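Here the structure comes first, spelled out in structure tokens, and everything after it is commentary.
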Amino acid sequence: MTINNGNNSSNDNAERLDFVRQIVADDIAGGKWPKAIATRFPPEPNGYLHIGHAKSICLNFGIASEFGGTCNLRFDDTNPTKEEDEYVKSIVEDVKWLGWDWGKNLLFASDYFGQMYDWAIKLIKKGKAYVCDLSADETRAYRGTPTEAGKMSPFRNRSVEENIDLFARMKNGEFADGAKTLKAKIDMASPNFNMRDPVMYRILHASHHRTSDQWCIYPMYDWAHGLEDSIEKITHSICTLEFENHRPLYDWFLDELGIHHSQQIEFARLNLTYTVMSKRKLLKLVQENYVSGWDDPRMPTISGMRRRGYSSEAIRNFCKTIGVNKFKSTIDLALLEHCLREDLNKTSPRVMAVLNPVKVVIDNYPQGETEMLVAVNNPADESAGTREVPFSREIYIERDDFMEDAPKKFYRLTPGREVRLRYAYFVTCTGVIKDDDGNVVEIHCIYDPETRGGDSPDGRKVKSTIHWVCAENAIDAEVRLYGNLFTKENPEDGEGEFTENLNPDSLKVLNNCKLEPYLKGTDMLSRWQFERLGYFCVDADSTSEKPVFNRTVSLRDTWTKVKK
RNA sequence: UGGGGAAUAGUGUAACGGUAGCACGAGUGACUCUGAAUCACUUACUCCAGGUUCGAAUCCUGGUUCCCCAGCCA
């Protein structure tokens with residue numbers, strides 16, 4: 001079966017299904033689930049969402065919407081020692097920003113603690129669970145090794161009555177943290193460690209961000225997750241590869257309980273070059289101040305990317321492009337940037353900005369005069385219209401657009417050469433003024449009044465067009481240029497910690513940037529293309545006196561390749 | 001030296017016994033009032049060895065390599 005999910009551009013070609021969608025399609029075709037299919041995205045609120053989560057979000061919500069099902073946003077909040085409400089808020093915001101809708105189903109595993117407790121009692125009564133007094137160290141020792149079976153806990157054969165009593169007292173807080181656990185009674189000789197009497201509950205006298213001090217015991221992932229899926233009548237429980245070994249246990253709990261049994265399907269998590277993706281590592285970057293926070297624009301977090309200027313459309317297209325598979329792969333960051341530019345090119349209005357200004361004086365232009373010239377807002381979108389840009393005798397151009405001794409391949413401004421000032425005039429460089437150290441501080445030009453608007457009536461051509469900003473009306477701005485956070489494709493490479501591969505030049509702040517006046521008072525997060533430079537967005541640090549722009553991504557640049 | 005997974009151009013992903021295709025990247029050229037975008041072309045792939053078959057990336061056998069698992073984390 002193939003489906004066509006509407007917003008794909010490849011016309012009549014039905015999209016091929018990835019292996020997860022294939023399973024869902026087959027299940028529907030075979031009538032396995034008489035009602036609509038149901039998926040869920042189950043984050044633990046112990047960190048911010050990142051681009052890897054976006055892959056999972058797009059998979060789960062995407063499948064639900066393509067197959068006429070539903071997708072719940074469910075917090076897997078079973079470990080109060082690591083979870084916080086701040087994370088819940090950010091996750092809700094990020095999923096929403098990505099454009100997905102969970103309807104009324106904003107759910108919490110902690111709401112099911114009562115039901116889970118009852119089911120644990122049921123297993124105890126069936127003789128399939130017991131209270132164990134072994135310490136964490138002892139439990140590890142009893143578990144055995146890959147080649148040797150584990151040993152049975154001396155507490156494995158307590159009576160049902162004693163287990164029920166002890167378990168109730170665990171719940172009531174009569175025992176210290178770690179003193180006892182509830183374990184499933186399965187098979188200490190199983191080659192799969194997860195089946196060697198896994199812990200179902202541990203004692204934790206910790207305050208939970210939602211249930212406060214109501215519970216002294218908290219369920220472990222393996223016990224809790226399938227129950228959560230079952231309660232919500234999830235049909236396809238999609239998770240990452242490392243849970244493949246856990247599937248027999250997932251199935252065992254649901255079968256022993258005889259309750260709704262959803263199918264667990266595992267896919268490979270996303271890896272991206274030049275970035276780390278584990279929450280532990282991202283947390284370290286935040287806590288040890290390698291970055292300014294979870295939403296630092298260099299972070300692969302959804303909030304960081306949003307602040308950097310990514311559109312949710314670009315992220316969703318990326319997730320669609322990379323596909324879904326069962327083996328470890330690492331996506332080239334260039335593909336993410338391609339998806340970004342593809343969207344931004346269509347949607348971002350163009351504007352002129354000079355990041356590294358040098359003054360140009362047009363000697364034959366009338367002193368004290370200013371005129372308005374018409375500029376196109378977005379050549380990729382005619383409906384974006386035009387705007388007026390002021391021009392006068394003194395302007396700024398990019399320092400990189402001038403060279404005194406230019407190589408043959410350099411066709412920007414150089415003494416004696418005529419170039420076009422975008423939407424303005426042809427100008428010819430007549431000379432430069434330098435300071436004592438030989439740095440160019442001012443460039444002198446003459447202009448051709450006949451070329452107003454940027455075209456020459458005599459049909460003469462210029463080799464290049466450069467951008468500029470009128471000196472008198474320029475807005476001063478700060479611009480932040482971001483590079484890769486790490487210097488290595490795989491930040492784990494090398495013998496040291498991954499933080500040793502941090503790129504010291506991942507942030508460059510430019511304080512003397514000049515923007516055309518059209519940009520005055522622009523909205524937070526609004527996205528622009530600075531012509532010939534890249535895509536930029538307004539940062540939250542902007543003030544009315546000084547706007548701050550983030551460079552989302554540069555334009556593709558064959559010139560720097562030519563320079564080699 | 002136990003168990004569970006997986007291998008297709010540089011990267012990612014299709015092909016479901018019948019022409020190994022697509023995207024990104026890289027390269028070349030065209031066009032251009034953004035050295036952008038756009039367009040055209042080029043480049044390069046089935047982990048290995050056997051077998052079944054008219055025909056194998058696909059099925060079988062045996063190997064190789066990589067990933068995951070011994071938290072009272074998820």
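We use all heavy atoms of the structure for the numbers below, so side chains are in, but hydrogens, waters and symmetry mates are not. Bear in mind that the values here come from a model prediction, so they are computed numbers and not experimental data.
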**Asked** Is the distance between the ring centroids of A:F536 and A:F549 under 6.0 Å?
**Response** no
**Message:** Measure CZ/A:F536 against P/B:A36 and give the value in whole Å, please.
**Reply:** 16 Å
**Prompt:** Is there a donor and acceptor pair, one atom on the side chain of A:N194 and one on the base of B:C69, closer than 3.5 Å?
**Reply:** no
**Asked** Within less than 4.0 Å of OP1 or OP2 of B:A74, is there a side-chain N or O belonging to A:R74?
**Response** no
**Request:** Could you give the distance separating B:G51 and B:C16 at their P atoms, to the nearest angstrom?
**Result:** 25 Å
**Message:** Please report whether the ring centroid of A:Y48 lies less than 6.0 Å from that of A:Y87.
**Reply:** yes
**Request:** Nearest whole angstrom, please: distance from the P of B:C69 to the CD of A:E242.
**Result:** 8 Å
**Message:** At 4.0 Å (heavy atoms only), tell me whether A:L272 reaches a base, stays on the sugar-phosphate, or touches nothing.
**Reply:** nothing
**Prompt:** Within 45 degrees of the axis of the six-membered ring of A:F426 and under 6.0 Å from its centre: does A:R460 put its NZ or CZ there?
**Reply:** no
**Message:** Counting only heavy atoms and a strict 4.0 angstrom limit, can you tell me which residues of residues 184-193 of chain A come near RNA chain B?
**Reply:** A:P191, A:F193
**Prompt:** Contact class for A:A380 (heavy atom, under 4.0 Å): base, sugar-phosphate, or nothing?
**Reply:** nothing
**Touch class at under 4.0 angstrom, heavy-atom based, for A:F267 against every strand present** = nothing
**A:Y130 six-ring centre to A:K183 NZ/CZ under 6.0 Å and within 45° of normal** = no
**Prompt:** Distance between the C1' atoms of B:U32 and B:U38, in whole angstroms?
**Reply:** 9 Å
**Request:** Check the angle between the aromatic planes of A:H50 and A:H53 and answer parallel, tilted or perpendicular using the 30° and 60° thresholds.
**Result:** tilted
**Prompt:** Quick one: is A:K183 getting a side-chain N or O under 4.0 Å of the B:C72 phosphate, OP1 or OP2?
**Reply:** no
**Request:** Could you pick out which residue, A:P42 or A:N378, lies toward the 5' side of RNA chain B when each is mapped onto its nearest nucleotide?
**Result:** A:N378
**Prompt:** When all nucleic acid strands are considered with a 4.0 Å heavy-atom cut-off, which category describes A:Q529: base, sugar-phosphate, or nothing?
**Reply:** base
**Asked** Distance between the C1' atoms of B:G12 and B:A6, in whole angstroms?
**Response** 16 Å
**Request:** Assign A:T78 to base, sugar-phosphate, or nothing according to its heavy-atom contacts below 4.0 angstrom with the strands shown.
**Result:** sugar-phosphate
**Message:** Using side chain to side chain contact (heavy atoms under 4.5 Å, CB included), reason through A:Y423 and A:F391 one step at a time and then give a plain yes or no.
**Reply:** CA-CA 10 Å; A:Y423 299 124; A:F391 182 83; over 6 Å; no
**Request:** Would you please classify the geometry between the A:H225 ring and the A:Y250 ring as parallel, tilted or perpendicular, with 30° and 60° separating the classes?
**Result:** tilted
**Message:** With a 4.0 Å cutoff (strictly under), does any side-chain N or O of A:R412 reach OP1 or OP2 of B:G35?
**Reply:** no
**Request:** State whether A:H338 places a side-chain N or O below 4.0 Å from either non-bridging phosphate oxygen (OP1 or OP2) of B:C24.
**Result:** yes
**Asked** Does OP1 or OP2 of B:G35 have a side-chain N or O of A:T560 closer than 4.0 Å?
**Response** no
**Prompt:** Atom CD of A:E44 and atom C1' of B:G71: how far apart are they, to the nearest Å?
**Reply:** 13 Å
**Asked** B:G35 phosphate, OP1 or OP2: any side-chain N/O from A:R420 under 4.0 angstrom?
**Response** no
**Message:** Taking B:U61 as the reference, what is the distance to B:U53 when you measure between their C1' atoms (whole Å, please)?
**Reply:** 16 Å
**Request:** Quick one: label A:D455 by what it contacts on the DNA or RNA (base, sugar-phosphate, nothing), any heavy atom closer than 4.0 Å.
**Result:** base
**Prompt:** Going by the angle between their ring planes, with limits at 30° and 60°, are A:Y218 and A:F113 parallel, tilted or perpendicular?
**Reply:** perpendicular
**Asked** Taking OP1 and OP2 of B:G71, is either one under 4.0 Å from a side-chain nitrogen or oxygen of A:R140?
**Response** yes
**Prompt:** Looking only at atom P, what distance separates B:C41 and B:C22, rounded to whole Å?
**Reply:** 10 Å
**Request:** Round to a whole Å and report the spacing from OH of A:Y142 to C1' of B:G71.
**Result:** 19 Å
**Message:** A cation-pi test, strictly: NZ or CZ of A:R196 under 6.0 Å from the centre of the six-membered ring of A:F193 and no more than 45 degrees from its axis. Yes or no?
**Reply:** yes
**Request:** Answer with base, sugar-phosphate or nothing: what part of the nucleic acid does A:P43 contact at a heavy-atom distance below 4.0 Å?
**Result:** nothing
Return a table of donor-acceptor pairs under 3.5 angstrom between the side chains of residues 169-178 of chain A and protein atoms on other chains or two or more places apart.
from	atom 1	to	atom 2	distance (Å)
A:R169	NE	A:E174	OE1	2.7
A:R169	NH1	A:D165	OD2	3.2
A:N172	ND2	A:A168	O	3.2
A:D177	OD1	A:H205	N	2.8

**Item:** B:G71 OP1/OP2 closer than 4.0 Å to side-chain N/O of A:R143
**Value:** yes
**Request:** Have a look at A:Y411 and say if it touches a base, only the backbone sugar-phosphate, or nothing, with a 4.0 Å heavy-atom cut-off.
**Result:** base
**Request:** Identify whether any heavy atom of A:Y221 sits under 4.0 Å from a base atom; if not, whether one sits that close to sugar-phosphate; answer base, sugar-phosphate or nothing.
**Result:** base
**5'-to-3' dot-bracket of RNA chain B (Watson-Crick, G-U; under 3.5 angstrom; crossing pairs as [ ]; | other strand)** = .((((((..((((....[..))))((((((.......))))))...(((((..]....))))))))))).....
**Message:** For a quick check of understanding: with a heavy-atom distance under 4.0 Å over all strands, which category does A:K409 fall into, base, sugar-phosphate or nothing?
**Reply:** base
**Message:** Between A:R350 and B:A37, is there a contact of a side-chain N or O with OP1 or OP2 at under 4.0 Å?
**Reply:** no
**Asked** So, is A:S464 close to the B:U34 phosphate, meaning a side-chain N or O under 4.0 Å from OP1 or OP2?
**Response** no
**Message:** OP1 or OP2 of B:U11 versus the side-chain N and O atoms of A:N271: is any pair under 4.0 Å?
**Reply:** no
**Request:** Using the P atom on both, measure B:C39 against B:C24 and round to a whole Å.
**Result:** 10 Å
**Message:** When the C1' atoms of B:C72 and B:A15 are compared, how many Å lie between them, rounded to an integer?
**Reply:** 48 Å
**Prompt:** What integer number of Å spans the P atoms of B:U46 and B:U58?
**Reply:** 13 Å
**Message:** Using a heavy-atom cut-off of 4.0 Å across all strands, would you classify A:L335 as base, sugar-phosphate, or nothing?
**Reply:** sugar-phosphate
**Prompt:** How is A:P198 classified with respect to the nucleic acid when contacts are heavy atoms under 4.0 Å: base, sugar-phosphate, or nothing?
**Reply:** nothing
**Item:** Integer-rounded Å distance: B:A70 P and A:R196 CZ
**Value:** 11 Å
